[in-house]
Structures are given as structure tokens and as C-alpha cells.
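Model, not experiment: these values are computed from the prediction. Computed from heavy atoms alone, side chains included, the values below leave out hydrogens, waters and symmetry copies. Per chain, numbering begins at 1; letters A, B, ... match sequence-line order.
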There are 2 protein chains.
Amino acid sequence: MLTEERQAAILALLEKQQVVKSKELVEQLDASESTVRRDLATLEAEGELIRIHGGAKKKYTIDEEEAMEDKTIKNVHDKRLIAKKAVSTVQDGETIYLDAGSTTYECIEFLAAKKVTVVTNGIPHAVALVEKGVNTILIGGQIKPKTKAVVGATASAQLEQYQFTDAFLGMNGIHSTYGLTTPDVEEAALKKTALQQANQSYVLADASKFDKVHFVRVCELDDAILVTTAGNPWIERLDLDDKTMIWEA
Amino acid sequence: MLTEERQAAILALLEKQQVVKSKELVEQLDASESTVRRDLATLEAEGELIRIHGGAKKKYTIDEEEAMEDKTIKNVHDKRLIAKKAVSTVQDGETIYLDAGSTTYECIEFLAAKKVTVVTNGIPHAVALVEKGVNTILIGGQIKPKTKAVVGATASAQLEQYQFTDAFLGMNGIHSTYGLTTPDVEEAALKKTALQQANQSYVLADASKFDKVHFVRVCELDDAILVTTAGNPWIERLDLDDKTMIWEA
DNA sequence: ATCATATCAATCAATAACAGTCAAAACCCT
DNA sequence: AGGGTTTTGACTGTTATTGATTGATATGAT
């Protein structure tokens with residue numbers, strides 16, 4: 001059996017098996033212990049798997065893989081900058097809507113320092129807020145499994161009961177013609193309601209969201225203040241006026 | 001079985017049941033007591049779980065502090081028995097209210113096997129339910145920081161919109177004269193509403209709750225079916241009729 | 001509070017898996 | 001076919017993991 005053939009077989013086995021024992025491989029591949037060990041060492045050096053005592057395991061479990069996605073250092077850093085800037089206008093005593101999403105999640109740390117009431121549809125957001133001692137109201141309704149966001153008719157109806165000083169919203173697409181868009185109909189409906197109920201709305205978005213268009217339009221560009229780290233090219237391109245707040249990274 | 005394999009199996013088991021016995025692991029993993037204990041020590045050092053006498057518990061259970069109180073092996077075992085018995089009457093297609101609390105949390109695993117809609121005021125409950133693919137509605141409102149339960153006027157109002165086939169409630173005190181009681185006024189109000197909206201209510205309580213009285217009375221003893229592992233002494237003492245369901249441990 | 005039991009941490013010897021080395025075998029090219 | 005390279009399998013000493021055993025500690029029942 002050829003070297004590459006063996007190594008491919010090892011990876012194939014790992015695809016469906018999570019872990020493989022060295023012994024097991026010695027039998028199945030009909031190779032010596034040394035050879036198997038060498039193969040494993042090679043594959044580990046190539047980043048194809050991780051060796052463990054007695055064999056090897058898959059490089060990433062599914063969970064870890066999803067956690068990796070889109071979570072580059074730069075993105076997180078930008079999100080924190082955006083969150084800090086957006087929250088900087090908040091005064092004590094205000095009532096705030098905090099949309100579900102990873103960028104808005106970064107706001108929590110900065111909101112915790114102020115005496116505010118926060119309404120949110122993000123379950124992780126609500127948990128983090130109460131743990132930091134913030135007066136928190138969680139919107140009720142159906143739960144979107146992937147994002148742990150509460151959505152649906154019940155949620156919208158409940159949201160209509162509240163009036164907000166500020167609303168902080170995440171957004172997936174920002175486009176000069178198509179405005180602000182998201183891929184999910186129900187999330188869009190909730191965002192629209194929040195916009196209506198808020199005295200002033202802020203949309204938090206890093207540069208990766210610009211020039212993207214998604215399925216549902218939430219509102220026009222000038223219905224909310226855009227908070228971002230994106231630079232001048234975008235300011236001109238989107239024809240943003242001074243109402244729009246830009247944070248130069 | 002490889003080290004990592006074993007440790008992954010331990011964590012997988014903990015994901016299902018809040019605690020595992022060392023003995024149980026020795027059998028299932030076919031490893032010595034020493035090895036199991038070493039694995040637990042390693043995983044604890046990595047912050048993957050918390051060791052308790054006789055085994056280990058999940059790191060972030062429902063509520064860190066409440067978990068400290070009574071996450072003994074025996075208590076959890078009883079709670080699982082109670083939960084299993086209580087849920088055994090549930091049929092496909094029913095709509096269920098699941099109260100916040102650690103005993104009701106144990107119901108989730110058994111509910112996941114059925115095609116039901118679950119309404120809950122427990123945030124950890126809601127998260128666990130959606131992750132198991134159960135159609136879940138979370139009640140909105142204020143959040144009680146300690147227990148991560150949603151309570152308050154908004155929550156009660158929202159709860160009144162729903163009708164339930166069964167309601168599964170936790171309870172802190174069970175007493176022949178004072179009935180069913182809890183320490184928190186707002187939680188009591190929500191439990192009362194749930195009782196009203198449910199066709200049949202079940203109160204899940206282990207032996208430690210008997211003969212205790214707390215601040216607020218929720219209802220009379222015979223307003224709900226009591227599901228417990230407590231034995232004969234209590235059945236007589238509380239003068240329970242056959243409407244009350246008892247599970248002999 | 002006290003005792004019987006179960007669980008614990010710590011230690012140790014036996015075993016299994018390890019990295020590194022080397023010579024034989026297989027491979028490749030001319 | 002022959003010289004050089006690569007790959008392989010056996011062997012070495014070293015290290016990691018394991019299960020049994022010890023006395024200490026915690027738990028539950030009386």
C-alpha cells in the first residue's frame with residue numbers, strides 16, 4: 001500500500017469516526033507500528049489531524065468549527081470599537097432596545113456601567129445583562145435555534161408595548177440602493193418594530209456588511225444612525241450625511 | 001478505549017444528565033476507578049466540569065448557586081425519576097407549560113422524545129429545548145438573576161394567552177396545612193397563572209421539600225397532582241388521596 | 001453526635017505507547 | 001542492471017497511562 005493511499009485511508013476513517021487507535025490502523029492498513037506513527041506525525045504536521053496518546057483525533061469537532069467561522073481577531077476588535085462608540089451616547093435612566101447578534105452583544109460590557117433598563121430579544125444578551133446587574137427585560141416568543149434570538153408575532157406584539165430612548169440593531173446588509181437588509185423575515189419584522197418604538201435607532205455594522213444585500217429590507221439608510229469602522233470610501237459611496245456617525249478605526 | 005475518547009464520552013454523558021456517578025462511568029467506560037477519577041480531575045482542571053462527591057456535575061447547570069446547594073448524586077437521581085414519571089403521561093401533540101427550576105429541567109430530556117409544544121419561563125430550559133429540536137416558546141419579561149427565570153406582570157399577561165394540556169411546576173414547600181408554597185411573590189403569581197391555564201397540573205418535588213413552608217402560597221395540595229419519590233410516611237401525613245401520583249423510589 | 005460505608009487523593013509497579021536510530025527492502029531513474 | 005533515494009520495519013531507551021493498594025476523608029443512617 002502506498003504512502004498517500006494509507007494517509008488518505010486514515011483521514012477517511014477519521015471522517016466518520018472522531019478518533020482512531022494506532023493499533024486499529026496497524027491492522028487495517030497492514031503496516032508496521034512505526035509506519036503508522038510516521039503517517040500520523042506527517043498528517044499532524046500538515047494540520048490534517050491531531051495526535052493523541054494511542055492514536056489520533058479529528059482536528060475540529062463540528063462545534064469548534066462553527067465557533068471558528070467569522071470570528072477573526074479583527075472582526076471582534078472592530079465589533080468592540082463599534083459597540084463602544086454606539087453606547088457612548090447613552091445616559092443614565094434611559095430605556096434601550098438591544099437587538100440579538102454578535103455586534104450588539106459587545107455593547108453589554110459598556111452598558112453595564114450605566115443605570116439603564118435594557119429590553120432585548122437575544123437570550124445570551126439577556127443572561128449576560130442580568131449577570132452584570134443590568135435591569136433587563138427579555139422579549140418572549142418563538143426561539144430561533146441557530147442564533148438564540150426570540151422572534152415571531154408574540155415577540156413583535158410585546159415589543160410594541162415599550163418605548164425606547166435608543167435602539168441598537170445589528171444588520172446583515174448595507175447598500176446604497178437597497179438600504180438595510182437581513183436574511184430572516186421574522187427578525188426583520190422585529191427590527192422594524194424596534195425602529196418604530198425607538199426615539200433614535202443605531203445600526204451597528206462592521207465593514208464586511210457593506211455593499212451586501214439580503215432577502216428582507218428593514219428600512220432606508222437614513223432611518224437610523226450607522227455606527228461602523230468602515231472608512232471614507234464607503235461614506236462617499238453611500239452618500240451619508242453628517243447625521244450618520246462614523247467611527248474611524 | 002483511548003483517553004480522549006473516554007473524556008469525550010464523559011462530557012457527552014454530562015450533556016444529557018446533569019450529573020454522573022463515578023461507578024456508572026467505571027461500568028460504561030470499562031475503566032478502573034483510578035482512571036475514571038483521573039479523567040474527572042483532568043476535565044475539572046480544564047474547566048469542563050465540576051467534581052462532586054461520587055462523580056461530577058455539569059459546569060454551568062441551571063444556576064450556579066442553587067446548584068451548589070443540592071446537586072448531590074442522590075438528589076439529582078431522585079429528580080430524574082420524578083421528571084420521568086411526570087412526563088410519562090404526555091402524549092404527542094400536547095401543549096405543555098414547563099416551570100423554571102432544576103427538577104423541571106430534568107423533564108427536558110424526556111420531553112424531547114415527544115412531539116409537543118413547550119412554553120416555559122426558564123431561560124436555560126428554553127435553550128436546552130430548542131437545542132433538542134422541541135418547538136419552544138419562551139415567556140418574556142423581567143429576569144430573576146439568581147434562577148434565570150422570567151417573572152413579572154408582563155410574563156403573567158403573556159402566559160394568559162396560552163392554554164395548556166399539562167403544566168409541570170416546581171415547588172419549594174409542601175405542607176398539609178399550608179399547601180404548596182414558594183419564597184418568591186412573582187414566581188408564585190406565575191405559577192398560579194399556569195395552574196389556571198392548564199387542564200392538569202403536576203407539582204414535581206423531592207422529599208426535601210416536604211413539611212416546609214415558604215412565604216407565598218400558590219395553591220392547595222389537591223389543586224395539582226404531586227409527583228415525588230417520598231415514601232409512605234408522607235403520603236399518610238399529608239392525607240393524600242389516589243388522585244395524587246406517587247412514585248416509589 | 002457516632003458509626004459503618006463509600007469515596008477520595010496519593011503512591012507504585014506494570015504495561016502500553018512514545019521518539020529516535022539504523023539497516024534492510026522497495027522504489028526510481030538512467 | 002546498478003547507484004542513489006525513499007520508505008519501511010525492527011530495535012532502543014524513555015515517557016505516559018493504567019489499575020491495585022494504601023490510609024485519609026466525606027457521606028448517610030441510626
Side-chain angles (χ1 to χ4, degrees), chain A residues 1-11 13-14 17-46 48-57, chain B residues 1-11 13-14 17-58 67-81 206-212 228-234 237 248-249:
Chain A
M1 190 177 248
L2 262 41
T3 308
E4 297 234 0
E5 209 173 334
R6 262 196 333 265
Q7 298 186 354
I10 293 173
L11 292 179
L13 207 58
L14 266 181
Q17 213 175 297
Q18 230 58 255
V19 300
V20 281
K21 299 190 236 297
S22 302
K23 262 193 174 177
E24 196 180 337
L25 291 172
V26 169
E27 283 184 24
Q28 291 216 14
L29 305 176
D30 192 36
S32 73
E33 195 186 305
S34 299
T35 302
V36 166
R37 189 164 289 116
R38 262 187 294 256
D39 283 340
L40 294 181
T42 307
L43 291 170
E44 184 177 43
E46 288 169 2
E48 300 281 0
L49 50 73
I50 294 171
R51 291 183 72 186
I52 58 178
H53 198 92
K57 67 172 179 181
Chain B
M1 190 175 244
L2 264 39
T3 309
E4 297 240 3
E5 223 175 343
R6 263 195 331 264
Q7 298 184 354
I10 292 173
L11 292 178
L13 205 60
L14 265 180
Q17 30 184 107
Q18 305 351 284
V19 300
V20 282
K21 287 189 259 229
S22 302
K23 259 193 174 177
E24 197 179 333
L25 290 172
V26 169
E27 284 183 23
Q28 290 217 15
L29 305 176
D30 192 36
S32 72
E33 196 187 306
S34 299
T35 302
V36 166
R37 188 164 290 114
R38 261 187 294 256
D39 282 339
L40 294 181
T42 307
L43 291 170
E44 184 177 43
E46 287 169 2
E48 301 279 2
L49 50 74
I50 295 170
R51 285 228 269 169
I52 56 179
H53 198 90
K57 66 173 181 180
K58 245 196 187 152
M68 295 296 245
E69 284 173 22
D70 64 349
K71 267 282 153 85
T72 66
I73 298 277
K74 185 173 185 331
N75 269 332
V76 174
H77 183 69
D78 279 7
K79 285 178 181 180
R80 280 177 62 81
L81 276 179
D206 57 70
S208 70
K209 311 295 169 59
F210 282 77
D211 220 25
K212 299 267 165 43
T228 180
T229 52
N232 276 317
W234 287 112
R237 188 153 169 185
E248 299 289 345

A/Asp30 CG to D/dT8 C1', in whole Å, measures 12 Å
Heavy-atom pair of closest approach, residues A/Leu13 and A/Glu24: CD2-OE2, 4.2 Å
Note, B/Val19 side chain near B/Asn75 side chain (heavy atom, < 4.5 Å): no
Roughly, in whole Å, what's the span from CZ in B/Arg51 to C1' in C/dA9? 8 Å
Rounded to the nearest angstrom, tell me the gap between atom CD in B/Glu5 and atom P in C/dA17. 13 Å
D/dA20 P sits how many Å from B/Glu33 CD, rounded? 10 Å
Evaluate the side-chain proximity of B/Gln7 to B/Leu11: yes if any heavy-atom separation is below 4.5 Å, no if none is. no
Whole-Å gap separating C1' (D/dT8) and CD (A/Gln7): 13 Å
Where B/Leu49 and B/Ala56 come nearest, the two heavy atoms and their spacing: CD1-CB, 4.0 Å
Hey, does B/Lys23 reach any base, or is it just sugar-phosphate, or nothing, if we go heavy atoms under 4.0 Å? sugar-phosphate
Gap between atoms CG and P, on A/Asp39 and C/dC18 respectively (whole Å): 13 Å
Heavy atoms only, 4.0 Å cut-off, all strands: where does A/Ile52 land among base, sugar-phosphate and nothing? sugar-phosphate
Shortest non-hydrogen separation from B/Arg37 to B/Arg51 and the atoms involved: CG-NH1, 3.3 Å
So, for B/Ser22 and B/Leu40, which heavy atoms are closest and what is the spacing to 0.1 Å? OG-CD1, 4.0 Å
On a heavy-atom basis, the closest approach of B/Asp206 and B/Lys79 is OD2-CE, 3.5 Å
Just wondering, do A/Gln28 and A/Val20 contact through their side chains at under 4.5 Å, heavy atoms? no
Over how many whole Å does the gap from A/Lys57 atom NZ to C/dA17 atom P extend? 18 Å
Over how many whole Å does the gap from A/Leu25 atom CG to C/dC18 atom P extend? 11 Å
Can you check nucleotides 11-17 of chain D for protein contacts, nitrogen or oxygen pairs under 3.5 Å, and list what you find?
none

Between its two end axes (five pairs each) the helix from C/dA1-D/dT30 to C/dT30-D/dA1 turns, nearest 10 degrees, through 60°
Nearest heavy-atom approach of B/Ala31 to B/Val36 is CB-CG2, 4.4 Å
